[in-house]
S.K.: 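Provided herewith is a single structure, encoded as C-alpha cells, for subsequent inquiry.
Fair warning: this is a prediction, and the values are worked out from it, not measured in the lab. Residue numbers start from 1 in every chain, and the chains themselves are labelled A, B, ... in the order their sequence lines are given, proteins ahead of strands.
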2 protein chains.
Amino acid sequence: MKSKSTSELKATIHKVEEICKSNKLGLTEIRRQVFEIIIKNNKPVKAYEILDKISNINNKPSHPPTVYRAIDFLIENGFVHKLNSINSFVGCFHPKAHKECYFLICKKCNIYQECCDDSLKDRISKTAIHNNFVISNTTLEIEGHCLDCSQK
Amino acid sequence: MKSKSTSELKATIHKVEEICKSNKLGLTEIRRQVFEIIIKNNKPVKAYEILDKISNINNKPSHPPTVYRAIDFLIENGFVHKLNSINSFVGCFHPKAHKECYFLICKKCNIYQECCDDSLKDRISKTAIHNNFVISNTTLEIEGHCLDCSQK
DNA sequence: ATAATTTATGTTATGTTATAACATTACAAT
DNA sequence: ATTGTAATGTTATAACATAACATAAATTAT
Ligand SMILES: [Zn+2]
Ligand SMILES: [Zn+2]
Ligand SMILES: [Zn+2]
Ligand SMILES: [Zn+2]
C-alpha cells in the first residue's frame with residue numbers, strides 16, 4: 001500500500017468502529033488489535049507475524065486460533081482481505097464499499113495497491129455471465145513490479 | 001473442468017509431449033504420471049492427493065518433494081496451473097497459448113472452467129498500466145456456482 | 001571409454017499455514 | 001439462579017510446502 005496518511009488511517013479505523021457499532025458487531029480487544037496491526041502495515045502481513053505481535057503487545061503468548069478467528073471476523077465483515085497468492089492479509093481502506101478488492105502486489109518491495117476499478121469489475125462480471133456462472137467471491141491478484149522497483 | 005472428451009485429453013497430452021521434445025525438456029516418468037493425474041481429473045487436485053495416487057501407481061511410498069518438484073516443472077512450463085484460493089492444481093488444455101489462465105471454480109461441485117478471454121486479459125493489462133505496474137503473473141480465480149449447481 | 005558435469009530423484013527432517021476439539025470465561029436473557 | 005450465547009483459551013494435530021543432503025541416471029568433455 002502506497003503509505004497512507006495518518007488521517008486516512010484514523011478515518012478508516014473510525015469507519016470500522018462505526019460499522020461495528022451500527023451492526024452490533026463485537027469489535028473486541030483482540031479483533032481491534034489484529035485489525036490495527038494489519039491496517040497500519042503498508043505491506044501484507046502473515047498470520048504468524050500477527051501472532052508474534054499480539055503476543056508482544058499483551059505480554060503473553062497467543063495461539064494460532066486466536067489470530068485466525070480474529071482474521072475470520074475481519075474478513076467476513078470486509079475489514080481486511082486475504083491475498084491468496086502470498087498467504088497474507090491486508091487492510092481494506094474502503095470497508096463495505098464493495099465485497100471484493102483487486103490487488104497489485106510488488107514482488108520486489110512487497111508493497112501493494114488496491115485496483116478495484118469498475119471497468120475491471122464489469123469485465124469479470126460479464127465473463128461470469130457468459131459462462132453461466134454466479135460469482136460469490138473473486139480473487140484477483142496481479143503480481144509484478146511497481147513503478148519504483150521496475151525503474152531500479 | 002466441464003468434462004473433456006478423450007480425444008481432447010489425448011491431444012493435450014500429445015501436445016505436451018511435443019513441446020517437451022522440441023524444447024529438450026525431460027518429461028520423465030514421474031512428471032508424466034503427475035501430469036496425467038492432474039489433466040485427467042475434471043476437478044482441481046491437491047498435492048497430497050497426487051502423492052497418494054503416485055504411491056499407489058508405483059506400489060511404493062512417494063514423498064512430498066517428489067510431487068512438488070514434478071508440479072514445479074509442470075507449472076514452469078505452463079502445463080498445469082495452481083489455484084491459489086484452494087491450494088490445488090489443474091491441467092492446462094492449451095499449454096503455451098498464454099502464460100496465465102483465469103478460472104471459474106464451483107464451490108458446490110468443485111468443477112472448474114478456464115475463462116481466459118482476451119477482453120478480460122486486456123482489461124487487466126490496462127489496469128496495470130494505469131497503475132504504472134509491470135505484470136509478471138496474474139491470479140484470477142472466480143469462485144461461485146456453475147449453472148447446474150445454481151439451478152438446484 | 002571414462003571422468004566430469006549436469007539433471008533428476010530419493011530420503012529425512014523440518015518449516016509454514018491453518019483448523020479440530022474441547023474447556024473456560026463473560027455477559028445477557030429468562 | 002439457570003440457561004444461552006458469543007468470545008476466548010488451550011492443546012493438539014491436520015494440511016501444505018521446502019531445506020538439506022545423498023544417490024542415481026543421463027549428458028558432455030576429455
Ligand atoms: Zn478493500
Ligand atoms: Zn515495488
Ligand atoms: Zn491454461
Ligand atoms: Zn457446480
S.K.: Judged by each residue's nearest nucleotide on DNA chain C, which is more toward the 5′ side, A:Pro65 or B:Gly26?
M.R.: B:Gly26
S.K.: Measuring to OP1 and OP2 of C:dT9, would you say a side-chain N or O of B:Thr66 lies under 4.0 angstrom away?
M.R.: no
S.K.: Will you find, in the side chains of A:Glu114 and A:His81, an N or O donor that is under 3.5 Å from an N or O acceptor?
M.R.: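 Checked: A:Glu114/A:His81 side chains show no N/O donor-acceptor pair below 3.5 Å.
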S.K.: Across the strands shown, which category fits B:Lys24 at heavy-atom distances under 4.0 angstrom: base, sugar-phosphate, nothing?
M.R.: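 No contact at all - B:Lys24 keeps every heavy atom at 4.0 Å or more from the nucleic acid.
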S.K.: Rounded to whole Å, how long is the line connecting atom CZ of A:Arg32 with atom C1' of D:dA7?
M.R.: 16 Å
S.K.: Around atom NZ of B:Lys10, are there more than 12 heavy atoms from other residues, nucleotides or ligands closer than 6.0 Å?
M.R.: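 Incorrect, the count does not exceed 12.
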S.K.: Look at all strands and tell whether A:Tyr48 reaches a base, only sugar-phosphate, or nothing, counting heavy atoms closer than 4.0 Å.
M.R.: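 Answer is base: heavy atoms of A:Tyr48 come under 4.0 Å of a base.
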S.K.: Considering just the side-chain nitrogens and oxygens of A:Lys82, establish if one lies under 4.0 Å of OP1 or OP2 belonging to C:dT17.
M.R.: no
S.K.: Side-chain contact, heavy-atom cut-off 4.5 Å: B:Ile37 with B:Ile57?
M.R.: yes
S.K.: So, is B:Lys46 near the phosphate of D:dC16, with a side-chain N or O under 4.0 Å from OP1 or OP2?
M.R.: yes
S.K.: Please determine whether the number of non-hydrogen atoms from other residues, nucleotides or ligands lying under 6.0 Å from atom NE2 of B:His130 exceeds 12.
M.R.: no
S.K.: From CD1 of A:Ile54 over to C1' of D:dT8, roughly how many Å is that when rounded to an integer?
M.R.: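 Rounded to whole Å, this separation is 13 Å.
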S.K.: Both B:Thr28 and B:Pro64 contact DNA chain C. Taking the nearest nucleotide for each, which residue is further toward the 5' end?
M.R.: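 Mapping each residue to its closest nucleotide by heavy atoms, the 5'-most match is B:Thr28.
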S.K.: Mind calculating the distance between OH (A:Tyr68) and P (C:dA20) to the nearest angstrom?
M.R.: 13 Å
S.K.: Can you check the A:Asn84 CG to D:dA17 P distance for me, whole Å?
M.R.: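 Computing the A:Asn84:CG to D:dA17:P distance gives 12 Å.
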S.K.: What is the distance from CG of A:Asp72 to P of D:dA6, rounded to the nearest Å?
M.R.: 16 Å
S.K.: Just the rounded figure in Å: distance from P of D:dC16 to CG of B:Leu51.
M.R.: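 It is 11 Å, rounded to the nearest whole Å.
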S.K.: Checking all strands, does A:Arg69 fall into the base, sugar-phosphate, or nothing category for heavy-atom contacts under 4.0 angstrom?
M.R.: base
S.K.: Over how many whole Å does the gap from B:Ile86 atom CD1 to D:dA17 atom C1' extend?
M.R.: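 Roughly 17 Å, once rounded to whole Å.
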S.K.: For A:Asn58 and A:Gln33, which I'm curious about, is there any donor-acceptor pair between the side chains at under 3.5 Å?
M.R.: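 Yes, a side-chain donor-acceptor pair sits under 3.5 Å.
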S.K.: Could you give the NE2-to-P distance, from B:His63 to D:dA17, as a whole number of Å?
M.R.: 19 Å
